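First the proteins, then the strands, lettered A, B, ... as listed; each starts at 1. Values in this document were obtained by computation on a predicted structure and should not be read as measured data.
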Protein chains: 2
Amino acid sequence: MISIKEVAKAAGVSTSTVSRVINNSPSISQSTKDKVWAVIKKLNYSPNNIAKALITNKSYTIALLIDVDDDKSFQNPFFYEVIHGIEKSCQEKEFSLMVANVNTKMKKQDIISWLVKSKRAEGIVLPVSILTRELVKELKDMGIPFVAVGEVDSIQDNVSWVDIDNKKGTEKAVYYLYEQGLKDIAFIGYDSTKDFSKRRVEGFKSAIEKIGISNNDSWIISCNNSKEQGYKEMMKLIDSGKMPQAVICGNDSLSVGVIKAIQDKDLKIPEDISVISFDSRQIASLMYPEVTTVDVDVFEMGYQSAKMLFDLIENNNLTDQGLLISTKIIKRNTTK
Amino acid sequence: MISIKEVAKAAGVSTSTVSRVINNSPSISQSTKDKVWAVIKKLNYSPNNIAKALITNKSYTIALLIDVDDDKSFQNPFFYEVIHGIEKSCQEKEFSLMVANVNTKMKKQDIISWLVKSKRAEGIVLPVSILTRELVKELKDMGIPFVAVGEVDSIQDNVSWVDIDNKKGTEKAVYYLYEQGLKDIAFIGYDSTKDFSKRRVEGFKSAIEKIGISNNDSWIISCNNSKEQGYKEMMKLIDSGKMPQAVICGNDSLSVGVIKAIQDKDLKIPEDISVISFDSRQIASLMYPEVTTVDVDVFEMGYQSAKMLFDLIENNNLTDQGLLISTKIIKRNTTK
DNA sequence: TTGTACGCGTTATCAC
DNA sequence: GTGATAACGCGTACAA
């Protein structure tokens, strides 16, 4: 493979000159610039970034940590849309993106330290789910910039993160329904083990309170994200006698069961009852009827997390921060 | 950051000895081995892979090319499950995985050549959709191993690829239905612009022929993968008067519309009509009723493509080949 | 079995 | 403006 030396030789200059031309140093005459570029193109030369990385101690590479099981059960299918966003940001910065799964026999700590020290990643994007307090400390100690995808508990000290604005998402949904005159609203799908779910419920409560419409704790219904649970809970709700005018589903799979339950009870959507669901998998537009959603821009979350990481890398005195990606209501056919 | 020199100094040996210990050269006494390893652990040393790559000219990195638009419209959402498979294979080989989007202003040729020459990827996995004949030639000329995801036209000379066995997938579906005594079978969703779709139709034809059941060309129905198209075409089919006993859907979104059409005509699934759909997005289990599918193992496709790439890298006199990942029928509730 | 010395391809430093 | 030369951290031929 052709190196800077051969370019220098062919152009009749020194290697330093070629290097300066490539990095377009100001102190190079236009004529030599032209001359050298001509040779570079002619020889089809590309600088060896590995050698460059060795001397500059910059790899222009960030790592994305994922945490998926070998059994292929994707707990986070949405995470792959995040990759796309990160990749876009990397491309703009001319960085490379390395993807590494931490779900191995190795300890997370070890794999990350190995990643940084041996592979020389300049920074790391990682889901908040794998960010233990020890890990935070270790990353800080190593001085390696990182950004979490998902909101980091404020008790954690100074960690940068990007998340969907789940709280405001539910608020928007409530307001949206309220503007149509709907006041009896239920939230189905509270999962206290998931932070994003907690935020969604928070938004529900705060909107209800702000608007001042009658609240009723029994209308926040806990269940996990499966269509079976959604069906069961919606059935119970209808059978309870005090049926809401609208339902907000905390997650996408869930909404499938909720809608089915309403249909099985021969109720009409949205005439008898309106439905809004959170959705990050574009499932909503596949349903009959198509579901009005709180649209979650997972791509943007990836894009912004990488961007924030680059800020940290370039300017490490930057104060740590959290960023919330705003949601928007996409009106389809389950609301009036 | 701590280097081999400091380890050598602390252990009272030369750097070459440390190097030999790390790469466990046979010509090192057990005692020095122990001594050096102790220091390595104590100092928490990790070899700098960039320096190693420079001298060995091996980066232990492969690149995955993706081809997604900036507008976030994922034509290939399934592709992200492929990444998981590739990553697993990389981890087994202790390779790094770089992800790069080729959908940029740069020419594909250029970006790939840049990737190889400057980033030193040792091999490339790329979707067949971006593999033009010139690109094949260029990659071959550069001597860079590559594996295509998706079947490569046999006219193309000696390209390694991995694909889903789409043809046999449809055959399995037909046999499955036939064993239940169903002979009037329609295939909905032939898209002549997509190779996988062509294969699926091939399988349909060949199975029909082998079994010797009555075939009827009008029962291979062209349409693209949307629920609207599926609905429309299924309606037409039912209205035509000659209704099939079973329908095979060539794609997942499509099946949603097909099933809805059957339901809207007050026909029962599977009593009046059975449905089997291809599915790569786990949509099938979200439907009511849950759809029997030809399950497409996209993870395995990724895993095998990377594995094949490693074979090529290690043993480049290997003959090029194609590998088909077999499908399996997952029985759910749209068949008896 | 171990150490010395050199080179990988590039950039930084210091000349001129 | 440009050129020598050292240095980045490591592997390896050769010497001992």
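Within residues 19-42 of chain B, the residues having any heavy atom closer than 4.0 Å to DNA chain C are, in order of number, B:Arg20, B:Ser27, B:Ile28, B:Ser29, B:Thr32. Near-neighbour residues of DNA chain C inside residues 45-53 of chain B, defined by a heavy atom below 4.0 Å, are absent. Scanning residues 6-15 of chain B for heavy-atom distances under 4.0 Å to DNA chain C yields B:Val13, B:Ser14.
Contact of the A:Leu115 side chain with the A:Met98 side chain is registered, since non-hydrogen atoms from C-beta on lie closer than 4.5 Å. By the 4.5 Å heavy-atom criterion applied to side chains, B:Leu97 and B:Gln91 are not counted as neighbours. At a threshold of 4.5 Å between non-hydrogen side-chain atoms, the residues A:Phe146 and A:Leu126 count as touching. B:Val149 is listed as a side-chain neighbour of B:Met301, based on a closest heavy-atom distance under 4.5 Å. Considering only heavy atoms from C-beta on, A:Val125 stays 4.5 Å or farther from A:Met308 through its side chain. When side chains are defined from C-beta on, A:Asp163 does not count as touching A:Val128, because their heavy atoms never get closer than 4.5 Å. For the pair A:Ile313 and A:Ile62, the minimum side-chain heavy-atom distance is below 4.5 Å. With contacts defined as side-chain heavy-atom distances shorter than 4.5 Å, the pair A:Glu122/A:Phe95 qualifies.
When the side-chain hydrogen bond (donor to acceptor under 3.5 Å, both in side chains) test is applied to B:Asn44, the partners found at least two apart in sequence or on another chain are A:Lys117. Under the rule for a side-chain hydrogen bond (donor to acceptor under 3.5 Å, both in side chains), the partners of B:Lys93 that lie at least two apart in sequence or sit in another chain are B:Glu314. Evaluation of the side-chain hydrogen bond (donor to acceptor under 3.5 Å, both in side chains) rule for B:Ser118 yields A:Asn49, B:Trp114 as partners, not counting sequence neighbours. Shown here are the ring-ring contact (aromatic ring centres under 6.0 Å, His included) partners of A:Tyr45, two or more places apart in sequence or in another chain: there are none.
A side chain to side chain donor-acceptor pair (under 3.5 Å) check over residues 25-36 of chain B, counting only residues at least two apart or in different chains, returns the pairs B:Ser25-B:Ser27, B:Ser29-B:Ser31, B:Ser29-B:Thr32, B:Gln30-B:Asp34.
One finds a salt bridge joining B:Lys137 and B:Asp141 here, because a Lys/Arg side-chain nitrogen approaches an Asp/Glu carboxylate oxygen to under 4.0 Å.
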Identify each donor-acceptor pair in which a side-chain atom of residues 50-60 of chain A lies under 3.5 Å from a protein atom, sequence neighbours left out, and give them as a table.
{"residue": "A:Thr56", "atom": "OG1", "partner": "A:Lys52", "partner atom": "O", "Å": "2.7"}
{"residue": "A:Thr56", "atom": "OG1", "partner": "A:Lys58", "partner atom": "N", "Å": "3.3"}
{"residue": "A:Ser59", "atom": "OG", "partner": "A:Thr61", "partner atom": "N", "Å": "3.4"}
{"residue": "A:Ser59", "atom": "OG", "partner": "A:Arg120", "partner atom": "O", "Å": "2.3"}

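For DNA chain D, the outermost nucleotides in 5' to 3' order that have an atom under 4.0 Å from a heavy atom of chain A are D:dG1 to D:dG9. When DNA chain C is scanned 5' to 3' for any atom under 4.0 Å from a heavy atom of chain B, the first and last hits are C:dT1 to C:dG9.
The terminal axes of the helix from C:dT1-D:dA16 to C:dC16-D:dG1, fitted over 5 pairs per end, subtend an angle of 40° to the nearest 10°.
Both A:Ser16 and A:Met1 sit near DNA chain C, but only A:Met1 has its closest nucleotide nearer the 5' end.
For the atom pair CG of B:Leu64 and SG of B:Cys90, the computed distance is 9.0 Å after rounding to the nearest 0.5 Å.
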query = Does the pair A:Thr17 and A:Ser14 meet the rule for a side chain to side chain donor-acceptor pair (under 3.5 Å), with working shown?
reply = CA-CA 5 Å; A:Thr17 300; A:Ser14 73; 3.2 Å; yes
